[in-house]
Each structure stands twice: as C-alpha cells, then as structure tokens.
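Below: one structure, written as structure tokens.
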Amino acid sequence: MTRAMTLLVGAALTAALSGCTGGDDADAATAPAAVAIVPAALAAGAWQLDVADPAALSALGANPGWTARFAWDLPAAAAAFAGDDAPSSKAALARMHAEMGALYRQAALIQAHSILETYKPEQRRDGDPVEVVYLLGVAHAILGDREAAREHFGQSAGSGVAGLPEADAAWAGLAASDDFALNVLGASGLYGLPAVAPGQTPTPKPAPHFSLPETVGELTVEAADPTVTLQLAMWHRAAAEAADPAVAAAVLSPWLLSLEPPAAPGEVGLEALFLGPWPTAADLAFVATGEASEGALFDAALSACPGERPDLYCVQESAQNLARQLQAAMAEAGGGAHGDHRSLAAQAQLGLLRHASRRAFADGDRELGARLMIGAIDLSAGATGDPIFLLKTAAWDASVRNTLRAQQNLHGQINRLPGLDAARRSLDALAVRVSRDAGPAVPLH
Amino acid sequence: MTRGRWLLALLALVFAASWVVPGFFAEPHLPDPDLMKRLAPPSEMPPFGADDRGRPLLNYALQGAQVVGIPALVAGLLVALLGVVGGLLATVGGGRVEGAVAAVGELLGALPRMVVVLVVALLVPRDARGLMPIALTWAILAAPGAMDEAAAVAGRLGGAAFVEALRAHGFSRSRILLYHVVGLNLRPVVVRQGAETMMQVVFLEIALSYLAIAERQGSFTHSDDIHSWASLLDLGYKVVLDLPSWHALGLGLGLIAMVAVTAVTASAAARAR
Amino acid sequence: MAADGARQWWIRPAIRLGAAALLPVAVPAVITGLIWALPGDPASLICPPEICSGTEQLAARWNLDQGPVHFFLSWLSDAASGDFGKSWRIQQGSPVTPLLLTAIPHTAALVGLALSLLLAGALGAATRVLPARADSLLSAVGLIPTVVMSLAAAAAVSINYGASAFDAEAVRVKILLGALALGLADSALAGAARGVRSIFESERQRRYVQMGILRGEGVLSNAWPNAAPAIAGQMRARTLHLLSGAVVVEVVLQIEGLGDLLWSGTLAQDFGVVLAATFGFALLSGSLLLAQAAVEIAVAMHVRRSPPVREVAA
Amino acid sequence: MSKTRNWKRLITGALVGLSALATCGSTLSFYEESLPTTLNPLYAASMVDHRVNELVFDRLYYHDPITNELASRLVTQWELVEQGKAVRLTLRKDIKWQDGKNFRADDVCFTVRAMLDPGTTSPIAEGYRSVFTGCEVEGKDQAIVRFTKIFHNPLNRLGFYVLPQHRFDGDAVPPDHDFSSHPTGTGPASGNLGSKQVNFQGIQNSHHQPSIAQLSLLEAQDPLVQVKTLLNNGVQGIIAVPPPYRAEVSTSDDMSLKGYDLRSWWFIAADQTKPFLKDKKVRQAINLLLDRTDLRQLSIGVKPGEQNSPCEFISGPFVQASPYYNHDVPVSARSDKDRALALLTEAGLTDVGGRWHYNGAPITLRIGMKAALDNEAPDLLSQIGNQLGQAGFDRQTYKLSEDEWNTQAITGQLSENYDLLIGKWSFGLVEDVNALFHTRRDGRGSKNIFNYSNPQVDALLAQYESAKTDTQARDAYHKLHSMLAEDLPYLFLWKLDTKSAWRTDVRGTTIAPYYYWTEIDNWKYGG
C-alpha cells in the first residue's frame, strides 16, 4: 500500500519537475576531481606517500610514541621515544622536544603581546602597578626589541615584591651586552629548572609568580613572568639538540624567537615530517632559509597563483586541490583508498595555507597573511588539529587586541603542557581591559 | 440479519477498545535513552523496535492512545447526537426553530476551523492542556454538516407527513420518532458522521502535534511530558531521507488503521439492514 | 414529497443565501472576539512594558486600547475601503492586501484540485465506475495523515529545490503535491466515495428508481434529484474539512495561502493578517454556501417541472 | 528486501534527476535558525535579526574581524569636542543609499533623533536614550553627536546602524512601517522580507563591492532535511548546525564546519521565591542530583573525556575561557546523590513513599524550556525531568514559545507557572551579567528571570560597575561567580559552541563574531 503511494509521489515528482529555467555547469553530484597542481614526481616526495601503504602506517601506529603524538600528548610521546636509542627514535625524540619548545615559544609570544597591549604607554591606566615596567622589559626582549627591553630593566631594584628585584637584576645583567640573546636558561637569579634530560618534561614554578600591588585600592595583580615560559622553551630546545641536532634545528627553525641564536638546518627524515604540516624536508627547510630548493612542494603549488600578491581564493583552492591530489596519490600508492588518507592529506592543505600566510607576513602584507591564517583555523580541528598553529593564531589575536578568539584557542590547549596556563594570566588581563573599553552590551538569544 | 448487525457492532466495540484501553497503561514519562539501541528494529527490541534515541516505540503507542482515546470517542458520539437532533428537528420541528438552528449551523460551519481550534488550544491553561477541549470544539464545528445531512435524509422521509402516516397505524409518537425515524432511517447517516468525526479528531491531533514542533511551540494537545502518535509518524516519514525508520512508520499507520477499522465497522454495523 | 414539504423547500436555500451574504462580516467579528481572548497582547509582544515605555502608544496606534468592538469596527471601516492595514509581525510593515491577493488563488487552487479529486471519486462511486472493492484501497491510502504525506513531499521538494523552493515553478509543484496529499490523505477521497456510494445504494433500493429502470431510464437521472441535497450537504462538509486540512498542507509545504496566513497570524497575534485571511476564508465559505443553495433550488425546480416522478413516501 | 530496493531506486532516480536542475541560478542560499521578525534594526529581537541587519546596513563604527581595529566605512575623521561630551564626525561624501540617494550627515542625526523620540517604541532605542542627548548637522557631511556624559571610549558607543531620513516622515520610527520589510540601507545587500524567505541583492557601492550577486535566507526545518539539502547543493550553508549532525558535515568532502565565535552558556533558572526552593540547600541538592556528563552525552552526543569538545561544563555565569571565570569553583560533572539527600533532609524536606514532600505536601517541579533549544540539545528537557524524577521529585515538563520566553520569562512574569526554566544566553566581547542577577528595580535587572534578589550580589555588581581598575572589576566578578555557585539562582550547565556549515565551493568564508556577515564583501561563490 505505501509502495503504491510512494510510486505515485515519485512519478509525480519526476513528471512535474521537468523544466528548470537555465542551468549551471557546477554538477556537485560527481566526486571532487583530483586536479593535479604539482608534478606527480614532487608529490611522491611527500611523507604522506611514505605512509600511504596501510602496513607502513600501522607499523608507525604500533609505536606508542607516535600513537601519543597522534593525540598530541607530547610528554608521553617524548617519554616513549626516550625508551630506546635507535636513530629513528632519537630523531623522533628531538622532534617531540622541538614541538614542545615551539608550543612554549607561542605561549611566550602570547604573554609578550598581551603585556605590551595592556600596559604600553597609550594603554596604561592609573592604578596599574609600577612593577609592570619589568614585565614590559621581558615582553620587549621576547619580541626582539633589545633597546626597549634594556630601557625597562633595572628600574625595579627597590620594589618590595618578592623575587622581582633578583629577576630584574638578572635580566639587566643579561641585557647589558649590546647583542644579548635570550639565553635565560642558566642565568642565576632566575627560576631554576632541572638539568636538561631528553625524554623528561620539567614542571616550572607555578604561576602567579608575582603579586604586584595596584597604586589605586589595595588589590594586587597576580602576574605571570614570561621568563618562566621562555626558560621552558630554551630547556626543550637544548633537549632536542641533545637528542638529534639536525632534526631539532629543522623542526624548531620556523618557531625561533628573533633574539635566539639561529639553528643550522641539516638533512632530516620521515621522523621530522610525519603528521606534520610540511610535506617534504625541502618545504621545512624553505621556512628557515627563505629560498625554495627543487624538492619544495608548497612553492610549486603556489605557482598556480601568480602575481606579486597571490589571490586569497586561488591559494585556498590550490590548498584543497593539493590535499585531493595527495589523497589520490596515496590511494594509488597504498593500493586503494584508506580511512586515514583523507585526514593525513588534509595536513598538507592546512600546511599550504600556513605557508602562504607566513610568506605574506614576510612580504609585509599583514592583511593577506592574517586572512589566510584565520581562514585555516577551522581546518585545524579534530585529526588535523595543530596546537602550535592555534597558539600562534592566539598570539596574533593578542597582538591586535582580539581577545575573544585568542582565549578560546588558548583555553583549548592549556592542559597540553605544564606551565602553559601562565599565558592565560597575561591574556586575561588584556581581555578585561579590552572588554571594559567596549560599550555596554546586553546578553541575547 | 439482525444477528449480523450485532456481530458487526460488537466487532466495532472490540476494535475501539483495542486503541482506547491501552491508553490507561501508558507511562507518565519516556524512559532514559539508550543510544546503543538507536532505531533498533522490532526484532532487536520487541515489540515495536526503538526510536532514534533507543527508547521503545511501545511507549509512544500507549501514550498516543492515552491522548486520543477518549476525546475521539466523545467527539464522535457528540456529532452523532447532534445529527439525531438535526434529523428530528427536520421531521417535527417548526420552520422557525429549524431556520434558527440552520443559521447558527451555517455560521459555525463557515468559521475557519483551525483558527478556532488553535485559539481554544492557546486559551486552555498549561496544566489542563489536553485533546478534549479541542475535540469538543471540532465536534461542534463539524456538527452543522452532520445535522444538514441528517435533515436531508429526514426530509426525504417526508417530514411531518411521515409521522402522521405512521400515527394512523397506531404507533405512539415517541416510538415513531425513536424507532422509525432515528432507529431505522437516521441511524446509518449519524453513525457514519460520528465515526468520520472520530477519525478526523485523530488526524487533527496528529496535525496539531506536528505543527507545534514545526512552530517551536509547547504541544497544544497534550502535556510535553508525553508523546503522541505524531512523533511516530514524524520519525517514520523520514524513510524518504534514508533513515531506517520503517518500523516507526508501520506502527504509526497501523495504529491509525485500527481507528479507521473501528469507524468502518461501526458504519457498516449501522448500515446493515 | 408531501405537499406542505414542497411549500417549505425554499427555507433552507434562503437561509444559506442569507448566511452567504452575512459571512464576510460575521465570521471576522467572531474571530476578533476569539483572538482578543488570547493571553498577552500584540503591543506588548513588540514593546514589553517592563523594558519599553511605548506600549500604550503602540496599542493606541493599533486601536487595541478601546476593546474588541472598537477594534473590529475600525478594521471593518478600513476593510470596506479596501485597506486591510499592515502586518504587525509576520511580515512586519508590509501591507496586508497583497498578501491576501497572493494567498487566495493559492488556497483556491489547492482546495479546488483536491475537491475535483473528491468529486471524481464521488462520481465514480455513484455510477459504480469505481467498484466497491476500490473503496478498501482508497481507505488504505486514506490512512496516511495529511501531515505525513505533506512532510514527505516537503522533504523531497526542499532537498531538490532548496532556495528556489519559492519560485513560480516550485510553487506549482507544491500546490500539485499538496492537493494530492489533501485529497488522498485523512480518508478524504475514501470518505467521499463511501458517503456518496451509501446514498446512491440506498436510493437504488427505492421503488421509484427501480420503476425508472423498468422504464429503461438511467439510475443516475432518477436518483439524482432525491440524493442531490444530501450529497450537496456532504460535499460542503468535506470541502470545509479540506479547507482546514489546507492549513496543515500550507504550513508544512510552506505554500503562501490563506491557511498559512491564518495559522501563523494567530500564533503571532498579527490581528490585521488574521482578520484579512478570515475575510478571504469567509468569501470561500460563502461561495460554497451559494453553490449548495443553487443545487437545492435547481432540484426543487426540477421536481416541480416533472410532477409524475413524485410519489408518496414508502 | 527487494521491494524496498527498487522503490528506493525510483525515488533516488527522481531525486538525482532533479538535483541537476536544482542548481539553476547562482544565489548563495542558507538556512537560518528562523525567519527574521523584522529588517528594522531598531526592532531587532533575536540573534537572527542582528545578523540580517549586518547585511543590509552599516554600523557607524565596528570592529574589523581580521585586524580587530575599531573602524568605520562611513566616517573619515573624528574629533572630541565640547570637553569630551560630544564627537564631531566627518563623513565620506561618495556613499549612496541602496535606492540611489546620497548618504549625508542628516541621516546620522536622524538616526540619533529617532532613537531619542518616544514615538519609536523599541527597547533598543530606549537603551540608547541614556547614552545620547542629541545630534547636530554641520554642512552636508559633518555631524556632532552629543553624549549624556564623558565616555572614556566614545567611538565604542557609536556601534548603531544608520537609517535613511528620506524613508520616514518625522523622527518617530514605528514598528509597522513599510521600512521593516523593505528597508533601505548602505550595507552590501538590499533585503526584502518575504513570508517564507528573505531575498538579498548585492549592491555595489563606493565602500562595498560584494562579489555575491544574490543571497537567499530560508527558515531552518528539521535538521536532517537541512543537512540532506546541503549535501544535495539545494542550499550552500547552514548558520547553526545542531551538535548531533556536525560529525556528518565534517566527514564530507563537499562541506566544512566553520567556527562562529559566540559565547553561549546554558542554565536552569530556579525560582527561589517558591517555599520549597527558598532554602539554597534545596537548590544545591537539585544541582547535585543532575548528572551533567550523562545529560551532555545523551542530548549533545559528547562522550566523557572527549578532547576539545564543543560542550564544556561551567560552574558560574561565564564560559571557562573568559577572564571572569573563577577556576577555583569546581564543576559538578557527576551527580552526588548522598550529599544531595543530606542537604534535602537538612532543608526540612521529607521523603514520603519515595517522593519528596515539603510541609507535608508533595513537591511537583514544573520545568519549562524554550522549544527552539530542542534542536541543539534534543530531549534535554525530558532527561532532566527523568533524572530529577529518579531522585524522588514529581515533575511536569513544558516547552515555551519564542514569544512566551521573550515577553514573559525574561521579564520575570512566569513565577506562578514554573519552578525551573531551562534557557541559554549568548554574549559577544562584553560579558556584563548585571542585567541577569541584579534586583529588578528602576531599570536594573531587566532580564532577571525569577526576580532573584540578593543584597550581597547587588553589592558585587555595583563594585563591578564602579571599578576603577580592571583588577577590581575582575575581582568583583570572580567573587560573584563563587557566590552564585553557592546561592544558585541558576544551575549552570555548560557552554556550547555554535558551528556553521558551508559548502567548500563557497570561498573566503570569514565569519565575524556575533555579527556574522561583516566580511561578506570578501565571500565568493562561483556557482
């Protein structure tokens, strides 16, 4: 009985819906065609192809280190890789420490931008503690402005805040030399960390580190000192270099702070690339050196979008096509489509957008760089989620006083590593200042 | 032949009981969802399978029966009664009374029923919300049609002349009206009208329950604790969207079929000569 | 038909004609009384007194501040000059008249198509072209509620038409599917066929029809005059049922018709829209009344012109 | 079953045949949560209305979603005048209204006067009457806007939409003006409110160059129908995808989930004026009887321990990412029946035959919820009812319509009908909760659902408002958080992110927080 009715409805539907005025070419029903935007030979060089074969993937998957890394549990991954000293495990261990170092560097940048945007002269409010001058000094040092940093140190000697005079003096000593670098790890007077030991994940002195009295009222600002985060960043750099200097240099190079001694990139293997945004070693190296060597996949992909200022939509389309091309190549190499191919190939899509954004920022095109980066945030979710990238966007948001999204992204990653929650304190201070500046608003729904 | 008529009447009663009585065993609330048993077919979760949140469809059937059971019957009886009144008026009533009733009937008949029903639904206080007030409103609005048809049938009998003719045979006035007019001639029409109204009330309840969901309102016909057969059909129709909910559609239509069979057997029983 | 019955035949059609004339005013009046009783009032829906000081001013602007009679009379005087005012909430600010002018044809088409389905079924049943066995199939299809058939059609249309679901093309399709749902579902067609069949079957057993058959005349031509009033009454009741079913079909299939205006207008307490739609509805009901009266008058004239057919009741 | 398969083949055959037809006309169409009630910004009543206004009008000042700078597309220069109590704005000369007329300073001053005019019966206009005193035009393209007092950040108070003077006769803007359905703005698209959909035409202007020619807003239907229509390219986007359907969207190649930064948190308001709810121990007990982990898993589909889930529990009136959230106040993720039992007996409730009684009378909890929330969290109302029922409370559940919620629940008039009300609040950058918890008196506490009144809370809210330093404000709200977590006028449930779904062939889909369409000029849809 229902069959009769549905046949009737079906027939009526087909008969009635005959003509439709005009038609468009986009027939979305067919599967997305894999548009080859890079030569197949180049695509074959991507790490995705090395793990296209499910057996290779499960071999890596069997390693507890990589399973932990897949869930971005870096401390557990580092501890697992430290278990044996095969060269591949050494390389992977260096990779884990380098990525932990990158996370701490983004957290330090979030703190630096937040402190600057909260207490810089034109934003200073009466009532702000006088000791913020020390925090500004550390912020300038992290952001690479030696002059400004030097001016701010040495002014808090007489402060009654416990621990502040010593830290201020230590920084003043460090900043005395003209080309001082951020070698805060061993500096006396600053917070101590256990000796560098690959495989470990040190827990820092918990925030808040200082209680700065306000000059109006009796409340104190519970501040976090970015130096602690900086020390952790340096600690992990040292640990990575102890495990495998070439991998450490290659993986850390995109994230080094401007006042850090540069790293000498070297030859790296699958361990430095697997599950990462850069498909080939050449792409990774390009970020550090700035010129494209022949193996670089991203550079070839971007050639599809010519012109001094690449067109945003062209880049986004190329990124999607690159992911589809890699997915098709993996299916071919791995003997048929496999569940993981899609998310592994999507890493390259996110990687290309990040690469284009970095190049736009490097060319001084802030707007395009920001637009590409923000457009990629939604891709960085689930299996392709990358905490380093999310904290990087939070640092950018803090620098433009956009605290709403910065806090959401930071909050999502705060439990990844010990000591990341210190960044929340500086960002919260900025968020309160920004939201109290905005006009009244009424909750809705 | 009379035995055949009583058999049909009994059958109609049994069918009516089959979808009214279960209503008294309905639980006041649905059990907790069990997402492992989502959309389980009857074989996996007897007797009727599970909804899209793993709760047995049996509860929906019982609660739905509780919502529509009594009100549908009462509305049917009311329309049948008003039909008898319409018929009797056409037989004995004077022109003026019949004219007045017809005028009111025309006005009621012309009102947009769904607006009247909706206003009544919105006026009933939240705690007393149920199908009865709506069913009675619907019966009163549908009555003019029934009275019209009954009056037409009575008119065909010959009206007052018919009564005088039988009086000549020595029957008492009340016996003529009750047995001859109503019992023999009006019975098929009014019973069919009553049965049809009962069906319409069930369809009305399903429509109102669905429209409440679509318009993001509280339910009009029952408390929000329970679900009506509309929820079964709202789940069931999604077979068009490739949702494996055939069992819900089947159960929903099966329940309505029981009401329909009740109506048809009742009409057949009334028609049997 | 008895002698005095003949003299009184004009009472019923007269009442219907009177009612048809009164409806366009009486029905809106009744509806005004009803929607006035709804909890809350339109002005405070837009400007709740607790957070907005202009509630009384808005109520005065919309004639809500002096009771339902004042409101209705001011609405009536505007309506008489063809001004149905503006929509307060459904399409805030747009004049109601164009809404009405798009709604009436849609509803008329929807109900008209469904009614023609019913008439075809009734005719088939009367002339036995539609065998009694078909009744059970029609009843089975009739089991499906209108809302379910409309939902299936609405899902199919929206999946395929998506945004262009409101172009002329799609509206035609929706009205066609809506009429199908309205006609087949809720046992509309089944009821019509069974109702008319039962009338004609009982007429067939009457002696005057059997005598007509002996004289070689058709069953239909003989039984029709007698059965017409009952059938007209039944058909009108079914059409009113279709009109209320149209509300469901229009809301689910998102057809801009009178039923949809009535339903959403009542929920949003948009009195201007509700009264205008009710006026349109009253016109449709009035035309049904006129049709029924016409049938009754025609039958009466037919009966008067061919006396030999008359006979004393059984 | 072969019967079903060839039936399905017929229907899918018909459907596939049609899908090629459905993509005629390159209109960007999307499902919104509901149709807007009006296109007049002064009468916007819901988030849907606010989003639609962003397409049709320009705000005098707005925050750029990319660089977050406070910018304006209408003003070229500004300066503080009259000792900071007014601002002189120099406007661009080359902007046209969508009907071709010139945009001039008169329009800005008309909008300010319209908001001050009592004939404009709108709660939004009423809110601005405490900010502006008037406006004066200087020449064709300069306007002086006067404030009621010196504001530290005057430009942040100029976030209103500018209306055209030439569309109105007089300063008052009534709700049922034709403008509400056929407005004229300076925004990137002109809008027409139909009864079933809203159509927008992209308008090229000197300050807007939208690349999308047409947009069409449709009312959301059953979520399953929405997702299937999106899959079939019947529409190109869905503004709010309910959580149970997000997985299906994110695994498809043709569409992707997009974040929409809206800080929304869910709550159950408890009516503490009721005798059996007056004692906070009872409220604390009910709070402990709720098992939030089960509620979240069953209605939103987030398994316990899931990483980075869109739904995170809260213990106070802020999302956990907010600077005002007090992380010292623990969340009660799981129910604690024993402590709840102790609290209830302490509060004087008696357990008679497994049912809680107060003063000998059985307690029936009447629980209401906004019906529209059932899409986002299916069955939440019945599960909360079940949990409280299993704990010994008779209960009845009700669903409330949008009108009932906006006009009666928020304005504190539902105390006799309900004991618990489930709802949700959404915030942008500013998370000012004074209107929710302050005693309802002379304009304050305008959204205090059950007229909650606690002098200590009022004192903290006053401290927040008069705070001289950020730390004082933050300290006030931290204390408010712990006090409310203890006094529980609201049982705080969780925050729930809003996600949109857009097809991948729509490019450049940058979604602005709260206002959504600020970046529509850079959206591209080839189609």
Side-chain angles (χ1 to χ4, degrees), chain B residues 95 98-99 102-103 106-107 109-119 122-123 142 144-146 148-149 151-153 155-162 165 188-189 192 196 199-200 203-204 206-207 210-211 214-215 217 230 233-234 236-238 240-241 249 252-253 256-257 260 264 267 271, chain C residues 1-2 4-5 8 11-12 15-16 18-19 22-23 26-27 30-31 34-35 37-39 139 142-148 151-152 155-156 186-187 191 194-195 198 202 226 229-230 233-234 236-237 240-241 243-244 247-248 251-252 259 262-263 266-267 274 277-278 281-282 285-286 289 313:
Chain B
E98 192 196 346
E106 298 314 348
L107 178 62
L111 289 181
R113 281 186 198 176
M114 288 301 266
V115 174
V116 179
V117 160
L118 177 59
V119 168
L122 292 174
L123 285 176
D148 241 7
E149 198 179 344
V153 167
R156 278 217 309 284
L157 282 179
F162 174 76
V189 174
R192 179 171 54 72
E196 249 177 49
M199 276 296 294
Q200 284 168 8
F203 284 126
L204 173 68
I206 289 169
Y210 178 75
L211 288 179
E215 299 282 339
Q217 295 271 339
L233 293 158
D234 184 17
Y237 97 89
K238 289 186 179 132
V240 172
L241 306 168
L249 185 64
L253 296 182
I256 295 172
V264 168
S267 306
R271 229 182 12 259
Chain C
M1 207 167 292
D4 59 354
Q8 286 188 343
I11 289 179
R12 209 161 261 289
I15 292 169
R16 294 199 209 289
L22 267 177
L23 285 189
V27 171
V30 170
I31 293 297
L34 279 172
I35 51 181
L38 284 174
S139 310
L143 286 183
I144 303 174
T146 312
V147 81
V148 174
L151 277 171
D186 281 9
S187 307
R194 234 191 351 253
S198 70
S202 65
N226 248 348
Q234 200 185 94
R236 187 172 145 256
L240 288 178
H241 181 54
L243 280 172
S244 51
V247 171
V248 177
V251 170
V252 171
L262 280 172
W263 181 264
T266 309
L267 279 175
V274 173
T278 307
F281 200 89
S285 305
L289 268 176

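Chain letters run A, B, ... following the sequence lines, proteins first and then strands; every chain starts at 1.
- Counting heavy-atom pairs under 4.5 Å between each of B/G252, B/P112, B/A207 and chain C puts B/P112 at the top.
- Using a 4.5 Å cut-off between heavy atoms, B/V264 touches chain C through its side chain atoms alone.
- Highest contact tally toward chain C, considering only B/R113, B/Q200, B/M199, is held by B/Q200 [criterion: heavy-atom pairs under 4.5 Å].
- Looking only at side-chain heavy atoms (C-beta outward), C/S244 and B/L204 stay at 4.5 Å or farther from each other.
- Heavy-atom pairs under 4.5 Å with chain C peak, among B/L233, B/L241, B/L211, B/I206, at B/L211.
- In this structure, chain B has a heavy atom under 4.5 Å from the side chain of C/I31, while its backbone stays farther away.
- Under the 3.5 Å distance criterion, with hydrogens and angles disregarded, no donor-acceptor pair is assigned to the side chains of C/R194 and B/S267.
- The closest side-chain heavy-atom distance from C/F281 to C/V27 is not below 4.5 Å.
- Both the backbone and the side chain of C/L34 come within less than 4.5 Å of a heavy atom of chain B.
- Residue B/V153 does not touch chain C at all, counting heavy-atom pairs closer than 4.5 Å.
- Both the backbone and the side chain of C/L38 have a heavy atom closer than 4.5 Å to some heavy atom of chain B.
- Contacts of C/A37 with chain B are made by both backbone and side-chain atoms, with heavy-atom separations under 4.5 Å.
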